[in-house]
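Just so it is clear, the model here is predicted, and its values are computed rather than measured. The figures that follow rest on heavy atoms only: side chains count, while hydrogens, waters and symmetry mates do not. To find a chain, count down the sequence lines: A is the first, B the second, and so on, and within it residues start at 1.
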Amino acid sequence: MTAPRVRFAPSPTGSLHVGGARTALYNWLFARRHGGAFILRIEDTDVERSRRELTDQILHAMRWLGLDWDEGPFFQSERGSLYREAADRLLAEDKAYRAFETPEELDAMKSAAKAIGSAFRYDGSARAIPREESDRRAASGEKFVLRLSIPNEPLVVNDAVQGRTEFPAGALDDFVLVRSDGRPLYHFTVCVDDVAMGITHVIRGVDHLPNAPKHVALFRALGAPAPVFAHLGMILGADGKKLSKRHGAAGVEEFQAQGVLPDALDNFLALLGWSPGDDKERMTLLEMVSLFSLERIGPSASRFDHEKLLWLNGQYLQEIPAARLVEMLKPFHLPNCDAVLLDRAIMLHRSRARTLVELAHALAIYGDDPRVFEPAGLKKFGGPEAAPLLRALAERLSVTEPFSHSTLEESGRALAAEKGRKLGDLAQPARLALTGVLASPPLFEMIEVLGKETTRRRLLAFADLIAREPEAH
RNA sequence: GCCGCGUUCGUCUAGCGGUUAGGACGCCGCCCUCUCAAGGCGGAGGUCACGGGUUCAAAUCCCGUACGCGGUACCA
């Protein structure tokens, strides 16, 4: 394949949603796979709804996902002259024409069509207006829109994902290219830009599939070959409805805030509609690049399975280089403690968290002593009989040298044996004393990280607590 | 209404005429074990939406039906 040129063309009317992110990802993967160009174009022709901050937000989200672009961002709002030239050319070549119907007249035609139960299609009557008359009326200031003159022949959309579909002659009406106030409309700007930018492949959501025949008609009028289309199935929420804020997170930065890693989100999104063909699931962006192809994209809609995302994220949490994990954790609330200690704690806890938020939360115990204790834990291991055991453990560990998890564990086991207890009888209350909860990394490894003083303090304090007020819990 | 697209375990998917319909998430069990994860092993879960064809043979090809989704703008 000669170097393809693809584009991602969001409109800045909202933040980057996962659907858009997946579209961007597929375009990016395709460009990288074939050594092509990935172009970013901001479709902001609807000035009422477009906002500059949202553009920045979208760019930020894309960078976070690792999707860098080769050209752009181009803003359609700044390319007015290009569209005007194209409009003039189409008009001059009789491929488009002025239509002078007012919005009110059009509305009347629409309701008339509806009354007899048929779809409204502009009848093309303005095509018959002679050029001289059209020019004269335009010059006299009469309002008009520019409509595309669609030839009376079938239109074929070749789609790499959805297959070939043919639209019979007459299926489309002569749709509007330019508003009566001179501002160009979406279909027009898209095609003019795609031609100007030399776009070879258009990868976007199926919601655009009904637009595709309009676009092939436009490409034809513009005298350019139509690009190859690839329309992606929708991403739905868990309930099968269109994904929205109602389903919890739907925007990229919401996942970021939840502590989802960009690599995990990329990986997850890649699998929503595409598969490498074998059973491979966990892939880096680089691996995806080497495996990606349009042929392996499925046509159907898919649901966003948050559980699977969390699983994948947990996998990445375990595997990414420690330095990178520590770096990614920084925006989250972390305990105030020695950095080396914290790094070791992170290594201990990383396999137990599914998000950075969960990890940061678990790390809190390396800062402050636990103030609350899991009720179920108190019930099971908070009886007063545990107090002397914990005190004994505190003493024993205090004199254990070196203060490393293996020798600490030997001490702990020896103590349990001396008391005729199982290690768990000692370890469980100790875990509760040190962390406040019943689930944690291996006890003695945590103790090694927590240090002698902290360990002793917490064990004794907890022993006092349960000895003093056994019925309080 | 009209036009278009889709439909394989609950979910994401493999499958592109002949398979005991494979994998992953989730779920259940076992192992590991000081707990919880991770990891390992195993299990339950699919009349391949339905009905007709074509074929020796259909999840795979064709035609209908149902359901879902999208479009039907001087929005994108």
For this session: Classify the nucleic acid contact of A:Val145 as base, sugar-phosphate or nothing, counting any heavy atom under 4.0 Å across all strands shown.
Result: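 It contacts base atoms.
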For this session: Looking at every strand, decide which applies to A:His187 at a 4.0 Å heavy-atom threshold: base, sugar-phosphate, or nothing.
Result: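 A:His187: base contact, heavy atoms under 4.0 Å.
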Side-chain donor or acceptor of [X] under 3.5 Å from a matching atom on the base of [N]?
{"X": "A:Ser351", "N": "B:rA38", "result": "no"}
{"X": "A:Ser302", "N": "B:rC12", "result": "no"}
{"X": "A:Arg303", "N": "B:rC12", "result": "no"}

Exercise. Think A:Arg79 forms a cation-pi with A:Phe75, using NZ or CZ under 6.0 Å from the six-ring centre and within 45 degrees of its axis?
Worked result: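 Verdict for A:Phe75: no cation-pi partner in A:Arg79.
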For this session: Is it possible for you to check whether A:Arg147 lies under 6.0 Å from the centre of the six-membered ring of A:Tyr122, through NZ or CZ, and within 45° of that ring's axis?
Result: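 Yes, A:Arg147 and A:Tyr122 form such a contact.
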Determine the interatomic distance between [atom1] on [N] and the same-named atom on [M]; round to the nearest Å.
{"N": "B:rU7", "M": "B:rA59", "atom1": "C1'", "answer": "12 Å"}
{"N": "B:rU19", "M": "B:rA57", "atom1": "P", "answer": "14 Å"}
{"N": "B:rG15", "M": "B:rG23", "atom1": "C1'", "answer": "12 Å"}
{"N": "B:rU60", "M": "B:rA44", "atom1": "C1'", "answer": "27 Å"}
{"N": "B:rC75", "M": "B:rC16", "atom1": "C1'", "answer": "39 Å"}
{"N": "B:rC50", "M": "B:rA66", "atom1": "P", "answer": "16 Å"}
{"N": "B:rC34", "M": "B:rU8", "atom1": "C1'", "answer": "45 Å"}
{"N": "B:rA37", "M": "B:rA49", "atom1": "P", "answer": "37 Å"}

Problem set entry | Under-4.0 Å salt bridge between A:Arg84 and A:Asp88 |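 Here A:Arg84 does not pair with A:Asp88 in a salt bridge, since their nearest N and O are not under 4.0 Å apart.
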For this session: Write down the partner of B:rA59 under the Watson-Crick or G-U wobble criteria, each distance required to be under 3.5 Å.
Result: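 Paired with no nucleotide.
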Exercise. Should B:rU7 form a Watson-Crick or G-U wobble pair with both distances under 3.5 Å, which nucleotide is its partner?
Worked result: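 By the stated definition (distances under 3.5 Å), B:rA66 pairs with B:rU7.
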For this session: Specify the residue among A:Arg121 and A:Gln315 whose closest nucleotide of RNA chain B lies further upstream toward the 5′ end.
Result: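 That would be A:Arg121.
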Got a list of protein N/O to nucleotides 4-7 of chain B N/O distances below 3.5 Å?
{"residue": "B:rC5", "atom": "O3'", "partner": "A:Gln162", "partner atom": "OE1", "Å": "3.1"}
{"residue": "B:rC5", "atom": "O2'", "partner": "A:Gln162", "partner atom": "OE1", "Å": "2.9"}

